[in-house]
Visitor: 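Got a structure for you, questions after.
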Amino acid sequence: MEKLTNRRLYFDYNATSPLSPAVKRWLSEAEFLCANPSAIHLSGKKAAAVLREDSEKILKVFGLSESHKVFFHSGASEGINTIVKGMSHSLDLKGEKLNFFYSSIDHAAVLELKPFLDFYGHNAHQCSVDKDGHLDLNFLESKVKSCLPGTVLINLTYVHNEIGTVFPLEKLIKLKSETGAFIHVDCVQSPGKVHDWDCLPSGIEFYTFSSHKFGALKGIGFTFVNKTSPTFQPLINGGGQQLGFRSGTINTMGIRSTLLALGDLKERYDYSEAKAGINFLRERIREKLEGCGQIIADNSRYKNTNTIFFTVEGKDSNSLLMAFDLAGMDVGVGSACSSGISKPNNVLLNLGHTKEEALSGLRLSFEHELTTSKAALYWGKIEAVLDKVLLSSKSI
Ligand SMILES: Cc1ncc(COP(=O)(O)O)c(C=O)c1O
């Protein structure tokens, strides 16, 4: 995607993405099934059949139709809350407590569960990461082994939303076999951003996604649940839809848009092209910032194909964002707050960066179909802003 309708360049795909071409076509051309798939009249039965087919196809995209079931929700914040709170509730009913392990740089939807778990007497264990955002898995393993079997749930973020680092999924299998822990993988940022985004190990319990991150409608997400997973109480009670995993009238249009957007991704995401494009930009930004800033987690072996997070010495995130904004580019800052006053970025602090560095983070996140020629075009615009910003830093 080169331009939004207002001729701006959009570099904030990790926040949300525009609708994919297939979804736009469908919205403008389709005849929609309006019936509630839980209704027992003919139209309801038709909607239920379409829903079953779409669900099966979505499982198939990720190679999980044999091993997993799927339930749909409003997005990953709800999905993550459902699994963690639901498992803690189920263990409570058995007179046991959950041991929840997560990383200090996980998304707020994970981090903010700690007060809830603490309140109900469960154990939330926050694990630190190194400067490249990687967990010490040996340390995690030894901690997990000291917990009562059957009470451990580990959250892993597959692709990091701010710094773009990737958790190598092949390590999941070892972690699982060494510890026997249940594992939830936050896959929100993986579709169309890593090589094997649609190839997930079948032995893992839970995978959660938000469809608006890859071109579907907003307000829809989904979680894959292994057929052998432990039970979890639903977060939302009501009519018992979706095998009781999540009550509420099912968002059939959101689900169809998910399937269409996944189809587009499969067709259009070219890992090698996107990697070449992001490397082109990374190299130029690295050169430009030499001596006056840095790309975060630049030395990580595992990086995605759309994200560059960097800091500029002496510049706060909001003023960097404004400089890009005035030049017609939408970019992201993790620590933006409604008052407009920058706060130190929590992820940067937890990676061991200084407060000054943590005040100056800026994220560029590009479309799935990035190529070197698009990257070259973008670099012309990005470089002009960085030149201005760096000139003003020097003249202070
Ligand atoms: C890694 C990660 N997990 C979870 C979420 C929450 O997703 P949503 O806001 O769609 O509920 C996000 C959203 O940015 C994310 O990037």
Side-chain angles (χ1 to χ4, degrees), residues 10-20 71-86 100 102-114 116 126-127 129 133-135 153-167 169 183-194 197 200 206-224 235-236 246 248 251 254-255 257-258 261-262 296-297 300 302-309 330-337 345-348 350-351 361 363-368:
Y10 186 70
F11 301 148
D12 201 14
Y13 273 72
N14 288 7
T16 195
S17 65
L19 292 175
S20 80
F71 75 97
F72 298 93
H73 40 65
S74 62
S77 297
E78 185 190 323
I80 293 165
N81 272 263
T82 302
I83 298 301
V84 180
K85 290 180 177 170
F100 182 52
Y102 60 101
S103 133
S104 57
I105 60 167
D106 281 341
H107 190 268
V110 175
L111 299 179
E112 293 300 321
L113 288 165
K114 181 172 167 50
F116 172 90
Q126 181 169 299
C127 306
V129 291
H134 300 308
L135 279 166
L153 176 66
I154 302 174
N155 182 75
L156 291 163
T157 299
Y158 186 6
V159 176
H160 195 269
N161 45 304
E162 290 195 27
I163 60 176
T165 48
V166 178
F167 181 86
L169 285 194
I183 297 180
H184 172 266
V185 187
D186 178 340
C187 289
V188 170
Q189 298 289 348
S190 57
K193 297 175 187 172
V194 284
W197 64 270
L200 300 174
F206 308 109
Y207 295 101
T208 292
F209 297 80
S210 269
S211 306
H212 70 96
K213 304 284 187 186
F214 55 83
L217 294 170
K218 300 197 198 324
I220 179 79
F222 54 101
T223 295
F224 295 133
L235 184 69
I236 302 199
R246 200 267 193 185
N251 181 355
I255 294 166
S257 78
T258 298
L262 287 171
I296 303 303
S300 168
Y302 310 106
K303 289 183 279 212
N304 76 353
T305 58
N306 91 315
T307 310
I308 302 174
F309 194 90
D330 295 320
V331 299
V333 286
S335 63
C337 74
N345 180 294
N346 220 28
V347 170
L348 288 181
N350 283 325
L351 289 170
R363 180 185 69 191
L364 304 177
S365 54
F366 301 94
E367 69 265 42
H368 310 105

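Read the numbers this way: they start at 1 and go in the same order the structure lists the ligands and their atoms.
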Visitor: Work out whether the distance between some heavy atom of His212 and some atom of ligand 1 is less than 4.0 Å.
Guide: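 Yes, His212 has heavy atoms under 4.0 Å from ligand 1.
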Visitor: Can you report which non-hydrogen protein atom sits closest to atom 9 (O) of ligand 1, along with the distance?
Guide: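 Sorting protein heavy atoms by distance from atom 9 (O) of ligand 1 puts Ser77 OG, 3.8 Å first.
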Visitor: Measure from NZ or CZ of Lys213 to the centre of the six-membered ring of Tyr13 and say whether it is under 6.0 Å with the direction within 45° of the ring axis.
Guide: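 The answer is no, since Lys213 fails at least one limit relative to Tyr13.
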Visitor: Do Asp330 and Phe11 touch side chain to side chain, with heavy atoms closer than 4.5 Å?
Guide: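 Asp330 does not reach Phe11 side chain to side chain.
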Visitor: Examine the side chains of His134 and Thr165 and answer whether a donor and an acceptor come within less than 3.5 Å of each other.
Guide: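 Note: His134 and Thr165 side chains miss the donor-acceptor criterion.
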Visitor: Return the closest protein heavy atom for atom 3 (N) of ligand 1 as residue, atom name and distance.
Guide: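 Of every protein heavy atom, Asp186 OD2, 2.6 Å lies nearest to atom 3 (N) of ligand 1.
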Visitor: For the residue pair Asn14 and Gln189, what are the closest heavy atoms and their distance?
Guide: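 Smallest interatomic distance, heavy atoms only, reads O-NE2, 2.9 Å.
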Visitor: Identify the heavy atoms of Ser211 and Thr258 that sit nearest to each other, and give their distance.
Guide: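 For Ser211 and Thr258, the tightest heavy-atom pair comes out as OG-OG1, 2.8 Å.
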Visitor: Ignoring angles and geometry beyond distance, decide whether Gln189 reaches within less than 3.5 Å of ligand 1 through its nitrogen or oxygen atoms.
Guide: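 Checking ligand 1 against Gln189, an N or O pair does fall under 3.5 Å apart.
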Visitor: So is His160 in contact with ligand 1, going by heavy-atom distances below 4.0 Å?
Guide: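 Contact check His160 vs ligand 1: negative.
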Visitor: Residues two or more places apart in sequence or in another chain: which of them pass side-chain contact (heavy atoms from CB on, under 4.5 Å) with Asn350?
Guide: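 Ser104, Ile105, Asn346.
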Visitor: Relative to the heavy atoms of Ser210, which atoms of ligand 1 are at a distance of less than 4.0 Å?
Guide: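 Going through ligand 1 atom by atom, the ones under 4.0 Å from Ser210 are 7 (O), 8 (P), 10 (O), 11 (O).
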Visitor: Return the residue, atom name and 0.1 Å-rounded distance of the protein heavy atom closest to atom 15 (C) of ligand 1.
Guide: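 Heavy-atom neighbour on the protein nearest atom 15 (C) of ligand 1: His107 CD2, 3.3 Å.
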Visitor: Distance to 0.1 Å, residue and atom name: give those for the protein heavy atom nearest to atom 13 (C) of ligand 1.
Guide: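 Looking at atom 13 (C) of ligand 1, the protein heavy atom closest to it is Lys213 NZ, 3.1 Å.
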